[in-house]
A.B. asks: 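Supplied in structure tokens, the structure appears directly below.
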Amino acid sequence: MQRGRCPAVLVHGWRSHPGVWKRLIPQLEEAAIPYRVFDHSEMGDAAPGEIAAAFRDYLALARDETGYAGPVDMVCHSMGTCIARYLLEVIDGGRREERVRQLIGLGPPNNGSSMAELFNDPDYGPEVIDRLAGVFVPRDYDPADDVIVQEFRPGSRTITALQGARARDDIAYRLVLAANLTATPAFFPCFQGKTWTFGPDGEWRTTYAGDGIVPHTDSYLPGVGLDILPADPSGLAQRPEQYCHIGLPRNPEVMARVIEYLKDPATRPQGVCPGREEGLE
């Protein structure tokens, strides 16, 4: 962190690492946007609240080291968005000591993860895990042993706390999501280009309104700024896999949108999120 342009803090997602930002960081440097990277990759067995507390300590140390006391922008992928939200809304929601200008979430499971629930489904879970083995989960993956997956199931302690805390009115929230607008199987071949979604009626569906792992209904926060990419469906013609969940932090269009927001927080999103019920496909 440093005085001058508002610094960006980058937060990676579940079973990930800071390397997901290796293509964004040169663009931040070119735009003269100072940045920090929060690495929680060694906290695999920790609950989301513990990771959020570690994030708070990381930010406090960075401020002590630099003397910077102004606002920051947070750019987060997937579950990393919910870690940031847990810090800002649950831990710090009453005090509002953390000074944050924007929270930009790429494909976040804000309402709980349909995929986490699907992993635990006795009928569908084993086949889905088998399809994702070596792509999204380890080959010997057992969701029962994964603290994060259990805490990101809809209705879990973590998701209940987030839904009870609500968004802060002193922070501009921006969600950047992807959709398979052309219904191409190559978008995410494991599921023929579709995304599983767990409906409020407890039924499973598949939809093109998602990034292969996170459906839009998992991400929506009512009234929050929303971009669904690609803006032009023809953007899926050459490299559709760049728009799947795993590729979002390195996707050129996604990165360009993030840089726009960081340069000018008054940038208008494409639209706003509907409520979860409205957003069902």
Side-chain angles (χ1 to χ4, degrees), residues 1 7-21 24 35-63 71-117 136 143 146-168 170-177 211 213-214 218-221 224 245-246 248-249 254 258:
M1 296 181 187
V9 183
L10 313 180
V11 186
H12 65 80
W14 172 73
R15 291 186 173 270
S16 187
H17 53 82
V20 299
W21 306 114
L24 178 63
Y35 65 90
R36 287 269 180 150
V37 181
F38 175 56
D39 179 4
H40 57 91
S41 59
E42 299 300 319
M43 298 184 68
D45 294 329
E50 295 176 75
I51 303 174
F55 186 29
R56 174 194 58 195
D57 295 343
Y58 172 84
L59 292 171
L61 180 61
R63 290 186 184 280
V72 301
D73 290 331
M74 294 181 177
V75 181
C76 312
H77 180 223
S78 190
M79 176 209 74
T81 307
C82 300
I83 295 300
R85 287 186 57 217
Y86 199 98
L87 166 58
L88 298 173
E89 299 168 21
V90 179
I91 296 176
D92 190 52
R95 296 188 298 271
R96 297 195 174 189
E97 294 174 352
E98 298 292 344
R99 297 191 62 191
V100 176
R101 184 176 69 165
Q102 296 179 95
L103 176 59
I104 304 169
L106 314 180
N110 287 314
N111 299 303
S113 168
S114 291
M115 187 58 66
E117 191 66 30
F136 191 66
D146 193 318
V147 173
I148 291 293
V149 158
Q150 297 306 319
E151 285 296 322
F152 273 86
R153 296 173 68 177
S156 70
R157 175 179 55 185
T158 295
I159 297 304
T160 298
L162 285 172
Q163 291 177 330
R166 300 183 181 178
R168 282 173 47 167
D170 60 328
I171 298 172
Y173 291 72
R174 304 285 183 253
L175 302 183
V176 181
L177 313 181
D211 60 24
I213 297 296
V214 179
D218 283 4
S219 297
Y220 289 151
L221 292 174
V224 162
H245 186 77
I246 300 168
L248 292 180
V254 171
V258 168

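Every value quoted in this text rests on a predicted model; they were computed, and no experiment measured them.
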A.B. asks: So, for P71 and P7, which heavy atoms are closest and what is the spacing to 0.1 Å?
C.D. replies: O-CD, 3.5 Å

A.B. asks: Please test N110 against V224 for side chain to side chain contact (heavy atoms under 4.5 Å, CB included), starting from the C-alpha separation and ending with a verdict.
C.D. replies: CA-CA 12 Å; N110 287 314; V224 162; over 6 Å; no

A.B. asks: H40: what forms a ring-ring contact (aromatic ring centres under 6.0 Å, His included) with it, not counting sequence neighbours?
C.D. replies: H12, F38

A.B. asks: Quick check: do H245 and H77 have side-chain heavy atoms less than 4.5 Å from each other?
C.D. replies: yes

A.B. asks: Over 60° means perpendicular and under 30° means parallel, so classify the ring planes of F136 and W14, tilted if in between.
C.D. replies: tilted

A.B. asks: For P249 and L24, work out which heavy atoms get closest and say how close.
C.D. replies: O-CB, 4.5 Å

A.B. asks: What's the separation between atom CG in L87 and atom CZ in R56, rounded to the nearest 0.5 Å?
C.D. replies: 7.5 Å

A.B. asks: Test side chain to side chain contact (heavy atoms under 4.5 Å, CB included) on T158 and C82; report intermediate values, then the result.
C.D. replies: CA-CA 9 Å; T158 295; C82 300; 6.0 Å; no

A.B. asks: Applying side chain to side chain contact (heavy atoms under 4.5 Å, CB included) to I83 and C76, what does each step give before you reach the verdict?
C.D. replies: CA-CA 9 Å; I83 295 300; C76 312; over 6 Å; no

A.B. asks: Test: salt bridge (charged side-chain N to carboxylate O under 4.0 Å, His left out). Region: residues 92-106. Which pairs qualify, not counting sequence neighbours?
C.D. replies: D73-R101, D92-R168, R95-E97, R96-D169, R96-D170

A.B. asks: Among residues two or more places apart or on two chains, list those pairs meeting ring-ring contact (aromatic ring centres under 6.0 Å, His included) that have a residue in residues 85-109.
C.D. replies: none

A.B. asks: Can you confirm whether R36 sits close enough to V72 that some side-chain heavy atom of one is under 4.5 Å from a side-chain heavy atom of the other?
C.D. replies: no

A.B. asks: Just wondering, do I104 and V176 contact through their side chains at under 4.5 Å, heavy atoms?
C.D. replies: yes

A.B. asks: Between D39 (side chain only) and P18 (backbone N and O only), is there a donor and an acceptor less than 3.5 Å apart?
C.D. replies: no

A.B. asks: I'd like to check L177 versus P108 (side-chain heavy atoms, cut-off strictly below 4.5 Å). Are they in contact?
C.D. replies: yes

A.B. asks: Would a 4.5 Å heavy-atom cut-off, applied to side chains only, mark F55 and V9 as touching?
C.D. replies: yes

A.B. asks: When you measure from the side chain of Y173 to the backbone of G105, do you find a donor-acceptor pair of N or O atoms at a distance under 3.5 Å?
C.D. replies: no

A.B. asks: Are any non-hydrogen side-chain atoms of V11 and T81 less than 4.5 angstrom apart?
C.D. replies: no

A.B. asks: Taking the basic N atoms (NZ, or NE/NH1/NH2) and the acidic carboxylate oxygens, is any pair closer than 4.0 Å for E151 and R157?
C.D. replies: yes

A.B. asks: Any side-chain heavy-atom pair from Q163 and N111 closer than 4.5 angstrom?
C.D. replies: yes

A.B. asks: Does the pair I171 and M74 meet the rule for a side chain to side chain contact (heavy atoms under 4.5 Å, CB included), with working shown?
C.D. replies: CA-CA 10 Å; I171 298 172; M74 294 181 177; over 6 Å; no

